[in-house]
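What's counted below: heavy atoms across the whole structure, side chains too, no hydrogens, waters or symmetry copies. Computed from a prediction, not measured in an experiment: that's the story for all the values here.
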Amino acid sequence: MKSTGSKLLKNYGILVEFLGNVLGPDYEIALHEISSDSQSIIAIANGHISGRKVGAPITDFALKMIKDKVYETNDYVLNYKGISKSGKVLRSSTVFIKDENDSLVGMLCINFDASRYTDVSKKILELCNIRQETLKEPEGILPDVPDALSGTVESFPETVAEMIETVLESCLPGSGILYTDRLTQAEKMHIVDILNKRGFFLLKGAVSQAAKQLKCSEPTIYRYLSALNSDK
């Protein structure tokens, strides 16, 4: 028998297709299932915007919202900044889907690519002899984003491995280390701590991928997590 959450998400799946057609090709609509077995996209419209398909993992930003339990005090989060693989700035918003017990079962995310409109507006202003360099880019994170998410920019990985690689790339430059096989135990634990704080270990298979990327065993990752949790 299907759970109430599954029935809810089935209805939202129809909404994904509907909104994709109504809003048009500049709006990506993605429905994420949130359960103990899955945190991935189960329906998506206009996936060309982020390059993702059904089965792609939840984003780093969404994981952080789950880890920080933002959904307990907010029904939705509006106008946060995302960066697509092609480098386009997206304006993103998410509504939390909860069951009758207020447990999180899914997330409906809308990512708007305003690049076509920005290009047109710049051309119009150029006709008025307004130089392009005088135009300001959007601020990105707007005031209606909870403090816990301030300064966080969303990326759109297609696999769990790709997500972890993105985090590793953000960690390694500051340490001056070029290869993960040169990392010390303390440095590896620091990276695991960052991954944990961002909610990466909520993902199925994340421990295995982290072990592979950090060139250590899965039991080692679990030991790091145990040590980090005992320090809190």
Side-chain angles (χ1 to χ4, degrees), residues 3 5 32-42 55-77 80 82 94 96-99 101-107 109 141 145-232:
S3 66
H32 296 274
E33 179 182 19
I34 309 299
S35 69
S36 58
D37 296 323
S38 175
Q39 300 85 28
S40 59
I41 293 177
I42 59 173
I58 198 168
T59 68
D60 49 356
F61 190 90
L63 276 176
K64 183 170 175 55
M65 288 195 285
I66 296 172
K67 181 73 174 179
D68 294 341
K69 297 184 177 181
V70 173
Y71 58 88
E72 290 186 352
T73 54
N74 298 269
D75 290 324
Y76 50 80
V77 176
Y80 53 90
T94 291
F96 301 114
I97 305 170
K98 308 172 191 178
D99 62 17
N101 298 315
D102 275 342
S103 296
L104 185 68
V105 297
M107 301 168 75
C109 306
I141 301 294
V145 174
D147 291 341
L149 303 173
S150 181
T152 304
V153 178
E154 186 172 38
S155 59
F156 302 92
E158 296 181 48
T159 64
V160 175
E162 184 181 324
M163 183 186 292
I164 293 178
E165 285 176 4
T166 299
V167 176
L168 289 175
E169 288 174 2
S170 69
C171 296
L172 296 180
S175 63
I177 298 171
L178 299 178
Y179 305 102
T180 53
D181 56 3
R182 297 181 185 178
L183 291 171
T184 66
Q185 178 176 327
E187 288 165 336
K188 289 181 179 180
M189 184 177 289
H190 175 63
I191 291 173
V192 169
D193 187 32
I194 293 175
L195 288 170
N196 189 39
K197 288 177 179 176
R198 295 188 185 182
F200 283 89
F201 293 107
L202 296 172
L203 288 168
K204 188 176 182 179
V207 170
S208 174
Q209 288 295 336
K212 181 179 179 180
Q213 295 295 332
L214 294 176
K215 295 181 171 61
C216 62
S217 67
E218 291 184 31
T220 297
I221 299 295
Y222 282 115
R223 283 200 301 272
Y224 290 160
L225 288 170
S226 178
L228 290 167
N229 289 331
S230 64
D231 289 340
K232 293 180 181 178

Can you confirm whether Q185 is buried at CD, in the sense that more than 12 heavy atoms of other residues, nucleotides or ligands lie under 6.0 Å from that atom? no
With a 4.5 Å heavy-atom cut-off, do F200 and D60 have their side chains touching? yes
So do the side chains of I194 and H190 get within less than 4.5 Å of each other, counting heavy atoms only? yes
If we only count heavy atoms from C-beta on, is the L202 to I58 side-chain gap below 4.5 Å? no
Heavy-atom closest pair, residues G199 and L63: O-CD2, 3.4 Å
Restricting to salt bridge (charged side-chain N to carboxylate O under 4.0 Å, His left out), what partner residues turn up for D102, sequence neighbours left out? none
Looking only at side-chain N and O atoms, does S226 offer a donor or acceptor that is under 3.5 Å from a partner on R223? no
Closest contact, heavy atoms only, V192 versus I221: CG2-CD1, 3.9 Å
For D75, enumerate each residue passing the side chain to side chain contact (heavy atoms under 4.5 Å, CB included) test, keeping only those at least two apart in sequence or located in another chain. K98
I'd like to check E218 versus V207 (side-chain heavy atoms, cut-off strictly below 4.5 Å). Are they in contact? yes
With sequence neighbours left out, what residues match E158 under salt bridge (charged side-chain N to carboxylate O under 4.0 Å, His left out)? K85
Within this structure, what is the CG-CG distance for the pair N74 and D68, rounded to the nearest 0.5 Å? 11.0 Å
Residues two or more places apart in sequence or in another chain: which of them pass side chain to side chain donor-acceptor pair (under 3.5 Å) with T73? none
Using 0.5 Å steps for rounding, measure from the CD atom of E162 to the CD atom of Q213. 11.0 Å
For S40, enumerate each residue passing the side chain to side chain donor-acceptor pair (under 3.5 Å) test, keeping only those at least two apart in sequence or located in another chain. S38
Without swapping roles, check the side chain of N101 against the backbone of S103 for a donor-acceptor pair under 3.5 Å. no
Contacts of I42 meeting side chain to side chain contact (heavy atoms under 4.5 Å, CB included) (sequence neighbours excluded), chain-then-number -> L9, L31, E33
Going through the checks in order, is the side-chain contact (heavy atoms from CB on, under 4.5 Å) test met by F96 and I34? CA-CA 10 Å; F96 301 114; I34 309 299; over 6 Å; no
CZ/R198 to NZ/K67 distance, rounded to the nearest 0.5 angstrom? 13.0 Å
So F61 and T94, do their side chains get closer than 4.5 Å, heavy atoms only? no
Are side-chain heavy atoms of N196 and N229 found at a separation under 4.5 Å? yes
Roughly how far apart are Q39 CD and I66 CD1, rounded to 0.5 Å? 6.5 Å
Report the distance from atom CG of L214 to atom CG of L183, rounding to the nearest 0.5 Å. 6.5 Å
How many angstroms lie between NE2 in H32 and CG in L104, if you round to the nearest 0.5 Å? 11.0 Å
